[in-house]
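To keep things clear, I will list the structure first and then write my remarks on it.
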Number of protein chains: 2
Amino acid sequence: MPKRVDHAERRTEIAEALVRVAGRRGLHAVGMRDVAAEAGVSLRLVQYYFETKEKLLLFGLERLAERFTERVSARVRAAGDDPGPRAMVEALLMAALPTDEESRTFHHLYTSYAVMAMHDQALAAQPFIKNPEAAEDAVTGLLRQAQEAALLEPGVDARLEAISLLAMSAGLGTSLLVGQRDQESAVAVLDHHLDRIFRARDGSAATRADGEPGTG
Amino acid sequence: MPKRVDHAERRTEIAEALVRVAGRRGLHAVGMRDVAAEAGVSLRLVQYYFETKEKLLLFGLERLAERFTERVSARVRAAGDDPGPRAMVEALLMAALPTDEESRTFHHLYTSYAVMAMHDQALAAQPFIKNPEAAEDAVTGLLRQAQEAALLEPGVDARLEAISLLAMSAGLGTSLLVGQRDQESAVAVLDHHLDRIFRARDGSAATRADGEPGTG
DNA sequence: ATCATTGTGGTACGTTCGTATCACGAAACC
DNA sequence: GGTTTCGTGATACGAACGTACCACAATGAT
């Protein structure tokens, strides 16, 4: 047989080709042939590694979620060594906002998959329950942590606020993507809500939630 | 010629057939033939009244938005004669949540259209800017009204809260639709946020935001 | 050295889709 | 009353799609 090939790796390559081309032209407009061309392989190969298109899409979704998870934790890590819960929550929420090409693609495709999951209910359900739940748990955990450090306003329900923030982030994300709102406004809204949950700082430096840039 | 026909009316009929069948099987899976069958007319007729599929989809979106607007104002009206701004805002937000068949279809299709609007940018842009902006203005107006009646907590930014509430409602709506969250939890989240914006009541009757039903 | 297996290419098949074409009956207009 | 125009039906067409099939070369096992 020809060079023994790592199936997992090849599948990942093809799945990422799917993500790229779908990000460009829309998931609904992507065919097996497009994925093959983008990955630089023949149509037959795509068939070989994923027997059916449905399996390709499903694997693509998983890969997308994976990449996004990596992205978010990278952003959170980049926020500093121990930047405090607020900065971490902020980093997490901002990473989810479609502000650059990667996150735009992510948000766009995730929404496409979400639409598919609305009738295939059973089929694509798993990744759609598990991943957002993980995000919710993460934010809830961070808020609880902040709560124990007395950084939050009293009487805050951590899980409820986590749900709210993530829902807001998702909603704002879609608004951004269809061009209804601009990035700064979305960030301002999120920051404002963080301001309401977190106790006001003594200093003034870090949040810049309502400080308009000068020249406007 | 055969019975002179009201084009506008016929177009509406067909567009609503589109909405029905798309709500059942997903917008991406709907073809001209499906719409024709659902409307009880021939394929040719669909072609006749909408020359191209793109125009059919566009008109369908407009019709969908129209119907939704009617639905929301009906719900708001049904909230009572002058139920106060909070009840009106609540009615508006709840009407937007996918809780019954009609609103589920609406939310599902609107999301589908949103995905399409993400690359056709120029094409489907108008309805996607105008309608949410109208909703935002409406909520903002209601909040301002409440503010003048001293019903809000001090220091509330009406527009910013309107944006937040609508974004949350949209995000929660999607979560509901993919089965990630249940209806009561979504309502609770929205109500909680209204509680934070509006001043606490003297009495106890009206809001029922955190009152769990007994037997659950 | 032989043979079974694996990765790969090419291509054909059946379906479905959006659109275009041809045809025709019925009403409105002069 | 003839003719033009409008609404409608049936069907054909070319493209694209997902999938299936066939062939073959390279390699591991025996």
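In what follows, chains carry the letters A, B, and so on, assigned in the order in which the sequence lines appear, proteins first and then strands, with residues in each chain numbered from 1.
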Kindly assign one of parallel, tilted or perpendicular to the pair His7(A) and Tyr48(A), based on the angle between their ring planes and the thresholds 30° and 60°.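 The arrangement is perpendicular - the two ring planes meet at more than 60°.
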
Parallel, tilted or perpendicular for His108(A) and His119(B), by the 30°/60° rule?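 Correct class here is tilted.
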
Let me know the distance between [atom1] of [X] and [atom2] of [N], rounded to the nearest Å.
{"X": "Gln47(A)", "N": "dC22(D)", "atom1": "CD", "atom2": "P", "result": "14 Å"}
{"X": "Lys53(B)", "N": "dT19(C)", "atom1": "NZ", "atom2": "P", "result": "8 Å"}
{"X": "His28(A)", "N": "dG18(D)", "atom1": "NE2", "atom2": "C1'", "result": "17 Å"}
{"X": "Tyr48(A)", "N": "dA25(D)", "atom1": "OH", "atom2": "C1'", "result": "14 Å"}
{"X": "Met32(B)", "N": "dC13(D)", "atom1": "CE", "atom2": "P", "result": "20 Å"}
{"X": "Leu45(B)", "N": "dA10(D)", "atom1": "CG", "atom2": "P", "result": "10 Å"}
{"X": "Leu57(A)", "N": "dC17(D)", "atom1": "CG", "atom2": "P", "result": "14 Å"}
{"X": "Leu43(A)", "N": "dA12(C)", "atom1": "CG", "atom2": "C1'", "result": "12 Å"}

N/O donor-acceptor pair, side chain Arg33(A) with base dG18(D), under 3.5 angstrom: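 Yes, the side chain and the base share a sub-3.5 Å donor-acceptor pair.
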
Would you kindly check whether a donor in the side chain of Arg4(A) faces an acceptor in the base of dG7(C), or vice versa, at under 3.5 angstrom?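 Counting by modelled atom types and ignoring angles, no donor-acceptor contact under 3.5 Å is found here.
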
Return the 5'-most residue of the pair Val41(A), Thr52(B) with respect to DNA chain C, ranking by each residue's nearest nucleotide.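 Between the two, 5'-proximity favours Val41(A).
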
Assign Tyr49(A) to base, sugar-phosphate, or nothing according to its heavy-atom contacts below 4.0 angstrom with the strands shown.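 Counting heavy atoms under 4.0 Å across all strands, the contact made by Tyr49(A) is with sugar-phosphate only.
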
Given Phe59(B), which of Tyr49(B), Phe50(B), Tyr113(B) fulfils the ring-ring contact (aromatic ring centres under 6.0 Å, His included) condition? Phe50(B)

For [N], take OP1 and OP2 only and decide whether either is under 4.0 Å from a side-chain N or O of [X].
{"X": "His7(A)", "N": "dT6(C)", "answer": "no"}
{"X": "Arg10(B)", "N": "dT8(D)", "answer": "yes"}
{"X": "Ser42(B)", "N": "dA10(D)", "answer": "no"}

Taking CD in Glu184(B) as the centre, count heavy atoms belonging to other residues, nucleotides or ligands within less than 6.0 Å. Is the count above 12? no

Mapping Gly31(A) and Arg44(A) onto DNA chain D by nearest heavy atom, which one lands closer to the 5' end?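 With Gly31(A) and Arg44(A) compared, the 5'-side residue is Gly31(A).
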
Just by modelled atom types, is the Ala95(B) backbone N or O under 3.5 Å from a matching donor or acceptor in the Thr99(B) side chain?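 No.
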
